[in-house]
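All residue numbers refer to positions in the sequence shown, counting from 1. Note that these values count all heavy atoms, side chains included, but never hydrogens, waters or copies made by symmetry.
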Amino acid sequence: GCLAHAKRKFNQAAVVSKKKGKAEEALIYIRKIYRIEKELREKALEDQDFVIQRRKQVISVWQAFHKWLRIMEQTVPPGSKLGQAVSYTLNEYQKLVRYMKYACLTPDNNIAENAIRPFVIGRKNWLFCDTPMGDQYFIHAQMYEDWGYTKLFERINHEFDDEKGHATKLIQRMLFLEGQPDMVTR
């Protein structure tokens, strides 16, 4: 469960719905949850204190939101955008509130999704490489572009005084670049 996904669904419902007030009500609950999270994170509390404070402040918002969702489930057509948003949120509810138990978790999984996004986008792009080795070259070129590996190699050379390029060659082998054109020193 990811609160950002639920929020996105309610945002979509607000755009297409004639009953914008209903979707906006859900967004108000979600904004409160995020605001509480942000305020508590800014306090830099110890983990145990953070969890206690979070639960104390946010549990009533979640309970009110859940009650509102149950009412909407009965009054909103399930095929509408708002109905889909309500259904998603109710189906994911237990997963959505699980974060409250652990200080290291957040209401959404944006950090993880942002970390894997280049690979997901790349995976789609790699489907369209049209030479036998083109896909391999494209994969490695994409990695260098997106992740700035050129900077990584420069840093390794600087930090480890790697004039002979031993560390660079090791990393190239790890990345299956041995025998490929030298993309590190373009």
Side-chain angles (χ1 to χ4, degrees), residues 1-17 19-76 78 80-124 142-149 151-152 154-156 158-160 171 174-175:
C2 174
L3 192 57
H5 291 150
K7 181 180 177 187
R8 190 175 309 122
K9 290 180 184 298
F10 283 109
N11 276 327
Q12 290 169 350
V15 169
V16 299
S17 176
K19 298 180 181 179
K20 290 184 181 178
K22 296 293 183 188
E24 185 59 34
E25 281 184 63
L27 292 169
I28 289 169
Y29 285 115
I30 292 169
R31 283 187 209 114
K32 283 180 186 176
I33 292 165
Y34 276 117
R35 187 183 68 244
I36 291 167
E37 185 75 13
K38 181 179 183 232
E39 289 170 358
L40 289 172
R41 294 264 175 216
E42 288 172 350
K43 290 182 180 180
L45 300 168
E46 293 293 322
D47 285 356
Q48 187 175 4
D49 294 334
F50 179 82
V51 170
I52 291 168
Q53 288 298 314
R54 177 201 269 164
R55 289 177 68 95
K56 189 184 299 183
Q57 293 182 37
V58 83
I59 209 158
S60 62
V61 178
W62 274 110
Q63 288 171 339
F65 187 31
H66 189 258
K67 184 178 178 181
W68 180 87
L69 288 165
R70 288 288 179 205
I71 293 168
M72 290 299 102
E73 181 182 37
Q74 302 302 315
T75 59
V76 176
S80 68
K81 286 287 187 186
L82 182 57
Q84 292 171 1
V86 167
S87 178
Y88 171 84
T89 309
L90 282 172
N91 289 338
E92 297 293 315
Y93 188 80
Q94 290 304 313
K95 294 175 189 168
L96 289 170
V97 298
R98 188 177 299 148
Y99 81 98
M100 287 191 286
K101 295 180 183 178
Y102 309 98
C104 62
L105 298 180
T106 60
D108 56 49
N109 61 7
N110 285 345
I111 294 170
E113 287 196 5
N114 289 339
I116 66 169
R117 183 168 288 115
F119 296 105
V120 173
I121 292 170
R123 182 180 62 213
K124 283 186 174 182
Q142 188 70 36
M143 284 182 358
Y144 281 101
E145 287 295 322
D146 290 347
W147 293 100
Y149 280 163
K151 297 289 183 199
L152 172 66
E154 288 173 5
R155 179 76 181 207
I156 288 169
H158 175 74
E159 291 292 325
F160 297 102
I171 291 173
M174 289 168 46
L175 293 172

Please assess K22 against V76 for the test side-chain contact (heavy atoms from CB on, under 4.5 Å), listing each intermediate value before the final yes or no. CA-CA 10 Å; K22 296 293 183 188; V76 176; 5.7 Å; no
Are the charged groups of K43 and E39 less than 4.0 angstrom apart, N to O? no
Closest approach of A6 to T89 (non-hydrogen atoms, all atoms of both residues): CB-OG1, 3.6 Å
Before you tell me yes or no, could you show the steps for R35 and K32 under side-chain contact (heavy atoms from CB on, under 4.5 Å), namely the whole-Å CA-CA distance, both residues' side-chain angles and the distance that decides it to 0.1 Å? CA-CA 5 Å; R35 187 183 68 244; K32 283 180 186 176; 4.0 Å; yes
Student check: side-chain heavy atoms of R41 and T106 closer than 4.5 Å: yes
Within this structure, what is the NZ-SG distance for the pair K95 and C2, rounded to the nearest 0.5 Å? 12.0 Å
Is the ring pair Y29/W68 parallel, tilted or perpendicular, if the boundaries are 30 and 60 degrees? tilted
Looking at CG of L27 and CD of E25, how far apart are the two atoms once the value is rounded to the nearest 0.5 Å? 10.5 Å
Salt bridge (Lys or Arg N to Asp or Glu O under 4.0 Å) with R8: which residues, sequence neighbours excluded? none
For A23 and L82 the tightest heavy-atom approach is CA-CD1, 4.0 Å
Exam field: side chain S87 to backbone G83, donor-acceptor pair closer than 3.5 Å: no
When rounded to the nearest 0.5 angstrom, what distance separates CD in Q84 from CD in Q12? 9.0 Å
Taken to the nearest 0.5 Å, the spacing of H66 NE2 from I59 CD1 works out to 12.5 Å
Can a salt bridge be assigned to the pair E24 and R31 using a cut-off of 4.0 Å between side-chain N and carboxylate O? yes
Within the supplied structure, the quantity of interest is the number of heavy atoms (other residues, nucleotides, ligands) at a distance under 6.0 Å from E42 CD; does it exceed 12? yes
Taking all non-hydrogen atoms of both residues into account, name the closest pair between V51 and A103 and its distance. CG2-N, 3.4 Å
How close do V16 and K81 get, heavy atom to heavy atom, and via which atoms? CG2-CG, 3.3 Å
CD1 on I30 to CG on L3, rounded to 0.5 Å: 5.0 Å
Is V86 close to F10 at the side-chain level, that is, under 4.5 Å between some pair of heavy atoms? yes
Listed by chain and number, what are the side-chain contact (heavy atoms from CB on, under 4.5 Å) partners of V58, not counting sequence neighbours? I33, I36, R54, W62, Y99, M100
Say you draw a straight line from CG of L40 to CD1 of I52; how long is it, rounded to the nearest 0.5 Å? 12.0 Å
